[in-house]
Amino acid sequence: NNTQNDEITFHMADSRDIWFHANDMPGSHVTLRAGGKSMDEIPDRTFEEAASLAAYYSAGREQGKVEIDYLLRRNVKKPGGAKPGFVVYYTNYSILAKADITGLSQVDP
């Protein structure tokens with residue numbers, strides 16, 4: 001829910017982690033723990049899996065593929081007085097992701 005999205009984005013994620021969200025539709029905030037690595041050091045498959053999670057847990061799940069925005073968490077901002085879950089960002093990348101999480105395994109934080 002929106003309160004959980006705020007918790008994930010602004011309390012659990014580090015500013016150097018990578019944040020994912022479905023473009024222009026409701027959905028879960030997903031963060032990829034970068035562990036101090038730059039985006040260039042993270043395998044493409046890891047990006048694809050994080051994007052698939054964001055697609056699956058979005059309003060676009062039934063579309064099959066969803067455009068997912070991603071960027072460093074430090075570039076995700078919450079305007080003053082904004083409702084829970086509402087954020088703004090400007091400099092992002094996008095990936096077209098399958099809304100399919102079959103085969104993904106859970107990794108403990």
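Reckoned from all heavy atoms, side chains included, excluding hydrogens, waters and symmetry mates.
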Identify all side-chain donor-acceptor contacts of residues 72-79 below 3.5 Å with residues at least two apart in sequence or on another chain.
from, atom 1, to, atom 2, distance (Å)
R73, NE, T9, O, 3.2
R73, NH1, V76, O, 3.4
K77, NZ, R74, O, 2.7
K78, NZ, D6, OD1, 3.4
K78, NZ, D6, OD2, 3.2
K78, NZ, K83, O, 2.8
K78, NZ, F86, O, 3.2

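Listed by chain and number, the residues in a side chain to side chain donor-acceptor pair (under 3.5 Å) with Y89 are D69 (sequence neighbours excluded). Residues passing the side chain to side chain contact (heavy atoms under 4.5 Å, CB included) test with Q63, sequence neighbours excluded: M25, V66. Among residues two or more places apart in sequence or in another chain, the side chain to side chain donor-acceptor pair (under 3.5 Å) test is passed with N2 by none. Residues satisfying the side chain to side chain contact (heavy atoms under 4.5 Å, CB included) criterion with F47, sequence neighbours excluded, are I18, F20, M39, I42, Y70.
For residues 43-56, the pairs satisfying salt bridge (charged side-chain N to carboxylate O under 4.0 Å, His left out) are R45-E48, R45-E49, with sequence neighbours left out.
Taking every heavy atom of both residues into account, R61 and A99 meet most closely at O-CB, 3.5 Å. Annotation for L32 and D17: closest pair O-CB, 3.3 Å, computed over non-hydrogen atoms.
No donor-acceptor pair closer than 3.5 Å links the side chain of S28 to the backbone N or O of V30. Without hydrogens or angle criteria, N5 side chain to H29 main chain gives a donor-acceptor distance under 3.5 Å.
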From CA spacing to verdict: side chain to side chain contact (heavy atoms under 4.5 Å, CB included), V88, Y90: CA-CA 7 Å; V88 294; Y90 303 102; 4.2 Å; yes
Does S38 form a side chain to side chain donor-acceptor pair (under 3.5 Å) with D40? I'd like the steps, not just the answer. CA-CA 5 Å; S38 71; D40 295 338; 4.8 Å; no
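Here the OH atom belonging to Y56 is positioned 10.5 Å from the CG atom belonging to L104, to the nearest 0.5 angstrom. Atom CG of N23 sits about 10.5 Å away from atom CG of L96, to the nearest 0.5 Å. Taking NZ of K65 as the reference point, atom OG of S52 lies at 10.0 Å (rounded to 0.5 Å). The OG1 atom of T31 sits 10.5 Å away from atom CH2 of W19, with the distance rounded to the nearest 0.5 Å. Atoms OG1 and CD1, from T3 and I8 in turn, are 11.0 Å apart once rounded to the nearest 0.5 Å.
Counting non-hydrogen atoms of neighbouring residues, nucleotides and ligands closer than 6.0 angstrom, the CD atom of E62 reaches no more than 12 such neighbours.
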